[in-house]
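Encoded as structure tokens, the structure appears first; notes follow it.
Every number for a ligand or one of its atoms is a count from 1 in the order of the listing.
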Amino acid sequence: MPFHVDLASWRKRLNSSLGRITIAVGLLLVLVALNVQLLLRLEYQADVEQIHTDAERSAQKLAAHTSAVLDRASQSLALLTRLHEATGTGRPLPQAAELLGTEGLEAWLVADANGLVIESGGKVPASVKSTAFFRRAGKLEPGAVDLGETEVLSGAGKQPLLPLTRRLNGPSGEFLGCVTALIALPQLISPEVRHEASGTALSLLGRDGRIRARFLEDKFSHGELVDLVKMRERLATSREQLEPLASRLDGQRRFIATADLPRYPAVALVGLRAESVLANYQRHRQRVLLTALVVTALLLGAAVLLFMQSRRLEASRHRLRAAEARLRATLDGSLDAVLVMRAQHDARGQLTDLLVIDANARATALLNVREPIGQQFSALLPAARESGILQEFELAMASGQTMVSERLGHSPHLVDRWLQHQIVPLDDGVALFSRDISERYHTERAQAEQRRFLQNLLDVLPLAVYAKSTRPATMGRYMFWNRAAERCFGMTAEQVVGHTGQELFDPADAARFDAQVALVLAERRPRRFSDQLAVSSGGRQYLDILKVPVMGDDGQVDHLLVVAEDVTEKRGSAERLRLGSRVLAETADAVLICDAQDQIIDCNPAFGHLTGHHIGALVGRPVSAAGLPLFDGGPDGDAVRWVGESRLVCSDGRVLDIWLSVNRIHDGEGQLTHHARVFSDISALKRHQAELDEMARLDSLTGLPNRRSFDERLPEALARAGRSKHLLALLFIDLDGFKKVNDTMGHAAGDQLLCAVAERLKACVRTVDAVFRLGGDEFTVIVEDAGSQADVGRLCERILEFLSQPHLLAAGRPVVTPSVGVALATPGEAPDSLLRRADDAMYAAKRAGKARYCVARPLD
Ligand SMILES: Nc1nc2c(ncn2[C@@H]2O[C@H](COP(=O)(O)OP(=O)(O)OP(=O)(O)O)[C@@H](O)[C@H]2O)c(=O)[nH]1
């Protein structure tokens, strides 16, 4: 996979604040590192410079010390040389021991030209002929001093000794020998610089590169040959590079300084061991590094904190940018026109106007201006001041509460548009969210109308309808309660809506209702319940309840619609109906139910018993099939009931007299629905009645038809006479002196007499003629088809004669004559008139002396 660097991504990262912090911290760390390095370098440089200075000073001190030692020896040699040269002999000089007894000299000697020691001090070899310093002495310039090599060892300790030699010259400059001082090496190395630092190397180096003396680690050595030229070059390089040189002696690194000995061909060399002399620097370096480490750690810590803070800041900025983007998107995507405005106040702090500082596209469109930002609200909506919306802004700002209002648009382009304003108070102004709700307003109005209509519909329902919420937020609370529910439960919608069953009903009733609700929610289908409640009056209220789950859009049950019917009354009606049925079943009266068209539907058992009809054969047939008359509502057709006598033909053909009640039954709308006929058999009653009627028409004493019967029959007879044109005669008969019979013979005898008179009258007339007792001792005879007046006269004569015969009574034999008035009916004469004329004729007979008959004058 090829390596790919996403430069844009890295550039973006570096440009971020986190990237910048990382870079800054990195640079800071580099700076610290460079500073530390520089500091250490300078420190090191200064230290090394100081070390070099110290080394040089030590080298100079060493050179000075060594020169002083050599000078002392050299001066003694010079004196001794001059003495020997002055004497010109090879004899020992008495002053020599004194001269060379100088402190610091290990030994001394004077040798002749052959290398034989003439005199000496200390322990020196007997002959110096073979020694290097003697051979070199012969080559010395007159007056010159040779710093010999240290091949001379002291006799006892075998200590290396450095020979310092002068040449002895003869008078003509010939070689006479030499004068040599042997100096112990420790004498050459200055004690005060020996232990300046641990590991310090001190050397006395001849210009020939031979080390004459070296002091290192408390030991003296010599003889090593050094390439002076190279050494000086290395020293120069070392000095320049501030670096110590690695010693070939012990591998230690040393800072080396040299100092030439004046007057002698030698160089003092001091090597300070770097490890020792740089200890301070190392300690300082460690401190600096530690400090740098601490600083770095602090920097890194600070960087981490800064990084974290920056990340938080970055996240906050990111969130802020996202929030700003969301706000902008919200504003731009909002269905509302949004104006963000800053309040403007006068000197007294009164709100004068608001300045638009932000607006979305919808606001621009709603206001119908190109650029609302920067304009004053009252300039955008001149009518705003009068509309009172500025006061609402002020109120919202003062209260800190969001205000919502709906108002008609005031601008010309917003006429008839309904706007909903939501005023959100800000720190220094308000945000105004305006939405054109005209559509919604009208829709809501229509919905409100619809709701009112539905509410009215539900209110006029005779059934209690109410709804209970099953949403979590409003679980169990009543949301709707119609008028019938108010009547049914005795609670108004205001008292119920928003409350739960536990708050409204008896705990036991509420718990039962809740159980019903739980059941319906579990089954998610409508369910009926029969329930009952205790009512304040002390009775029970019986309810038929239908509970229907109403599903929401999410498929969950939102509400429970309840339709409740107070069936207390119905229950009573049913009871009464059952009772009525039992009564109908058990009553002796026959009941026949027909429909509106009077076709038979049903009957009770008594009907079958009474009529012999079988209901199965009658159902669907006209009522006449049951032998009953139709009832069409009487003359006007709207009578609801008819009661009276009627007749019924039984299945076996018998005709029954019945007492019939016909009831026309109507429904609530006044429509005829049924005919109910209730009847009882009154045949026996009728017979008895007939008998009673018959009896009522007979005189109970004589058995003759009575006055009532006379009143009925006279008109009939007159009518027949009118039709037949036959003569009708009416005879009015009153007994003469009947009272006397009563008075004399007793009332019973009078009765017997009356009965006897009745029998005689019947015997006098034809069977077709009718004899009546009107009362007391008055009788009448209706003679139809009387023939002629003479025939009537003969009848009257016969009556007079027959009645005037004595009566054989237990009490005696009374004779009672009759007075008879006769009236011959005039065609078309009224019964009253005829009777009155007969009565008048009878009185006329009475007046004429009784026991006779008198014929009334005919009508004019
Ligand atoms: N025993 C008896 N007496 C009756 C009955 N009904 C009426 N009377 C009597 O009949 C009498 C009839 O009286 P009147 O006709 O005025 O007397 P009268 O003696 O017949 O007189 P005149 O007709 O003028 O001759 C009265 O005294 C009645 O009390 C009845 O049913 N039985």
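Backbone and side-chain nitrogen or oxygen atoms of L701 are examined, and none is located within less than 3.5 angstrom of a nitrogen or oxygen of ligand 1. Every N/O-N/O distance between G746 and ligand 1 stays at or above 3.5 Å.
When non-hydrogen atoms are compared, ligand 1 lies under 4.0 Å from neither the backbone nor the side chain of V741.
Within 6.0 Å of the CD atom in Q789, the count of heavy atoms belonging to other residues, nucleotides or ligands does not exceed 12.
In terms of protein heavy-atom proximity, atom 24 (O) of ligand 1 is closest to K850 NZ, 3.5 Å. Given atom 6 (N) of ligand 1, the protein heavy atom at minimum distance is G776 CA, 3.2 Å. For atom 11 (C) of ligand 1, the closest heavy atom belonging to the protein is F738 CD2, 3.7 Å. Looking at atom 32 (N) of ligand 1, its nearest protein heavy atom turns out to be D751 OD1, 2.6 Å. When only non-hydrogen protein atoms are considered, atom 21 (O) of ligand 1 lies nearest to G737 N, 3.9 Å. In terms of protein heavy-atom proximity, atom 12 (C) of ligand 1 is nearest to D777 OD2, 3.7 Å. Closest protein heavy atom to atom 23 (O) of ligand 1: K846 NZ, 2.8 Å.
The backbone N or O of D595 sits less than 3.5 Å from a side-chain atom of H675, completing a donor-acceptor pair.
Atoms of ligand 1 found under 4.0 Å from any heavy atom of R773, numbered from 1 in the order shown, are 5 (C), 6 (N), 30 (C), 31 (O). Each of the atoms 5 (C), 30 (C), 31 (O), 32 (N) of ligand 1 lies under 4.0 Å from some heavy atom of L754.
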Full working for salt bridge (charged side-chain N to carboxylate O under 4.0 Å, His left out) between R836 and D839:
CA-CA 5 Å; R836 191 167 54 251; D839 192 26; over 6 Å; no

Please test E569 against R576 for salt bridge (charged side-chain N to carboxylate O under 4.0 Å, His left out), starting from the C-alpha separation and ending with a verdict.
CA-CA 10 Å; E569 190 69 29; R576 285 193 292 277; 3.6 Å; yes

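Looking at T767 and D769, their side chains never bring a donor and an acceptor atom within 3.5 Å of each other. No hydrogens or angles considered: nothing links the side chains of S819 and D734 as a donor-acceptor pair under 3.5 Å. Checking D514 against Q502 by side-chain atom types alone, a donor-acceptor pair falls below 3.5 Å. A side-chain donor-acceptor contact under 3.5 Å links D566 and Q541.
In this view, F679 and F607 satisfy the ring-ring contact (aromatic ring centres under 6.0 Å, His included) rule, not counting sequence neighbours. For F513, the ring-ring contact (aromatic ring centres under 6.0 Å, His included) partners two or more places apart in sequence, or in a different chain, are F505.
Evaluated by nearest non-hydrogen atom to atom 26 (C) of ligand 1, the leading choice among M842, H747, K739 is K739. For atom 8 (N) of ligand 1, the candidate residues are N742, V816, D736; the nearest heavy-atom contact is made by N742.
Atom 16 (O) of ligand 1 is never approached by the protein to below 4.0 angstrom, counting heavy atoms only.
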